[in-house]
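As C-alpha cells, the structure follows; a few thoughts come after it.
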Amino acid sequence: MGPVLERYELEAFLTLADELHFGRTAERLGVSTGRISQTVKKLERRVGTSLFARTSRSVRLTAVGRALYEDLLPAYRQMGAALERATAAGRGVHGGLRVGFGTPWDGELLTAAADALAALHPGCEITVHEVPLDGGVRALQDGTLDVQCAAFPVREPDLTTGPVVATDERVLLLPVGHPLAGCASLGPEDLAGLDLIAPGGSVPRHWVDHHYPRATPSGAPVGRGPAAATWQEVLSHVTAGRGATPGAARGATYHPRPGIAYVPLRDVPPLEYGLVWPTASESALLRAFVAAVAARGGTLGP
C-alpha cells in the first residue's frame, strides 16, 4: 500500500497553496503557524522534495507542489461535496436562497449548481441575480442576497469566505490604438503611467487596490481613470480611450469589442473566485449550495 495522506496534512497543504501565507493558513485552520510549518515539512520529507519555495517575503509553490495541488484539489472537492450532500440529505434541505454573481461565467456556474440542487431537493427555491461592478458585497451585508460569487480577496469581518471555486488568467484591456495594445504580453511595470478604470460605489478599498494597483512593484505611480458602475461602462470607457483596466481572460469571449485589445498579463497571480456569505446566516441549504458549486468549479479559460 502506498503512502496515506492524513486529513490535516491534506488541508494544511491545500490551504497554504491557496493562501501562500503561513499566518493566514494557520488562521483559517485554527491552529498555530508552527503547526502548519511542521506539517508541511513532514509532508515534504515524505514526498522527498520541497513543495513550497520560501523566502522571508514570499511563499510560492514549486513545480512538484503545483502538480500535487492540481492532482489533490479535485478529489478533495469531491469528498467535501459528497459529505455536504449526505449531510443535507440527513437534515433535509428546504427554503429559499438568493444568489449573486458579478460575471457571466460565474452566473453560468451558479445557475447550473442551483438547477442541480433544486432537482435533488424540490422543496428549495434558488434565485440567481446579477451584482453590478460597483456593488461590492453590499447586498450580502444589507440582506438583499444570501450568498455571492465574488473575486477574492474578501476580508469583511461579518462575512465568511468559502473555497476558491474557479480561477482565470489576468489580462489588460486597452484601446486598440494604444501603443501597448499590440504587445504579446505585459508585466506589472507596464501599468506605469496608465489610468486604470476601476469601480466606484461601495466596493471595499482593499479590494480595489488589490485589483487596480496605484503603483507598480517598483513604485511607479499608476493613475485612475473614470469610475464605473457596471462592466458595460468599463468597456465603453476603454473603447473611448479614457483608460485601461485589468480583467479576466474569459472576458475576451464574453465581451468582444472591436475597439478593445485583451493583452495577457504575465508575472501576476491568477484571478480567484469563491462564494461569500454572511457568517450569521449559514444554513443546511447554503452549505449544500456551496458544495454543489465547488463540485462544478474549476479553471476558467477562453
Side-chain angles (χ1 to χ4, degrees), residues 17-18 20 60-61 63 66-67 69-70 73-74 77 101-113 130-133 148-154 163-192 194-199 203 207-213 216-217 222 225 228 230-239 241-275 293-294 296-302:
D18 280 339
L20 296 179
R60 61 180 178 83
L61 284 164
R66 170 59 64 180
Y69 175 76
E70 292 175 352
L73 186 60
R77 285 175 171 167
F101 68 92
T103 67
W105 46 92
D106 285 340
E108 292 172 1
L109 172 62
L110 300 188
T111 299
E130 184 175 8
V131 178
L133 182 64
Q148 180 177 333
C149 190
F152 285 169
V154 176
V164 173
V165 297
T167 63
D168 199 1
E169 296 304 314
R170 296 177 189 259
V171 296
L172 187 67
L173 282 67
L174 290 159
V176 291
H178 194 279
L180 298 177
C183 295
S185 67
L186 297 170
E189 292 299 330
D190 292 313
L191 298 180
L194 294 178
D195 291 329
L196 298 186
I197 299 163
V203 181
W207 190 93
V208 175
D209 288 346
H210 178 86
H211 291 283
Y212 306 86
T216 69
V222 180
T230 67
W231 190 245
Q232 292 302 319
E233 287 185 14
V234 170
L235 297 176
S236 296
H237 286 314
V238 174
T239 302
R242 296 172 184 148
T245 195
R250 189 82 163 189
T253 300
Y254 282 83
H255 303 295
R257 290 245 182 149
I260 295 179
Y262 287 76
V263 184
L265 280 172
R266 63 179 185 275
D267 302 325
V268 294
L271 284 166
E272 295 182 327
Y273 302 87
L275 295 181
V293 174
R296 287 164 177 77
T299 300
L300 298 171

Side-chain donor/acceptor of [X] to backbone N/O of [Y], under 3.5 Å:
{"X": "Arg170", "Y": "Pro269", "result": "yes"}
{"X": "Thr245", "Y": "Ile197", "result": "yes"}
{"X": "Asp267", "Y": "Gly187", "result": "no"}
{"X": "Trp207", "Y": "Ala151", "result": "yes"}
{"X": "His211", "Y": "Phe152", "result": "yes"}

How about [X] and [Y]: do any of their side-chain heavy atoms sit closer than 4.5 Å?
{"X": "Pro163", "Y": "Arg77", "answer": "no"}
{"X": "Leu186", "Y": "Leu265", "answer": "yes"}
{"X": "Asp18", "Y": "Tyr69", "answer": "yes"}
{"X": "Leu173", "Y": "Leu235", "answer": "yes"}
{"X": "Pro153", "Y": "Glu272", "answer": "no"}
{"X": "Pro256", "Y": "Tyr262", "answer": "no"}

Practice item. For side-chain contact (heavy atoms from CB on, under 4.5 Å), just list the numbers for Val131 and Gln148, CA-CA rounded to whole Å, side-chain angles, deciding distance to a tenth of an Å, and then say yes or no. Key: CA-CA 9 Å; Val131 178; Gln148 180 177 333; 4.0 Å; yes
Exercise for review: Decide yes or no on side-chain contact (heavy atoms from CB on, under 4.5 Å) for Val293 and Leu109, but give the supporting numbers first.
Suggested key: CA-CA 7 Å; Val293 174; Leu109 172 62; 4.0 Å; yes
Exercise for review: For atom CZ of Arg266, decide whether the heavy atoms of other residues, nucleotides or ligands shown that lie under 6.0 angstrom number more than 12.
Suggested key: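 Counting neighbours around CZ of Arg266, more than 12 heavy atoms of other residues, nucleotides or ligands fall under 6.0 Å, so yes.
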Point to revise | Thr216/Val222 under side-chain contact (heavy atoms from CB on, under 4.5 Å): CA gap, chis, key distance, verdict | key: CA-CA 7 Å; Thr216 69; Val222 180; 3.9 Å; yes
Check your understanding: Partners of His237 by side chain to side chain donor-acceptor pair (under 3.5 Å), sequence neighbours excluded?
Key ->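 Only Arg242 meet the side chain to side chain donor-acceptor pair (under 3.5 Å) criterion with His237.
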Review point. Among Leu194, Ile260, Val263, whose side-chain contact (heavy atoms from CB on, under 4.5 Å) with His178 holds?
Key: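 Of the listed options, the one satisfying the test is Leu194.
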Point to revise | Point-to-point distance, once rounded to the nearest 0.5 Å, from CH2 of Trp231 to OG of Ser236 | key: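 Answer rounded to 0.5 Å: 11.5 Å.
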Practice item. Grab the two heavy atoms, one from Ala181 and one from Pro175, that are nearest each other, plus how far apart they are. Key: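 Distance-wise, the nearest heavy atoms are CB-O, 3.4 Å.
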**Study point:** Residues Glu130, Thr103; criterion side-chain contact (heavy atoms from CB on, under 4.5 Å); working and verdict
**Key:** CA-CA 8 Å; Glu130 184 175 8; Thr103 67; over 6 Å; no
Exercise for review: Under the side chain to side chain contact (heavy atoms under 4.5 Å, CB included) rule, collect the residues that match up with Pro213, sequence neighbours excluded.
Suggested key: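 Pro213 satisfies side chain to side chain contact (heavy atoms under 4.5 Å, CB included) with Leu191, Leu196 only.
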Point to revise | Listed partners of Ala67 passing side chain to side chain contact (heavy atoms under 4.5 Å, CB included), at least two apart | key: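 Result, side chain to side chain contact (heavy atoms under 4.5 Å, CB included) vs Ala67: none returned.
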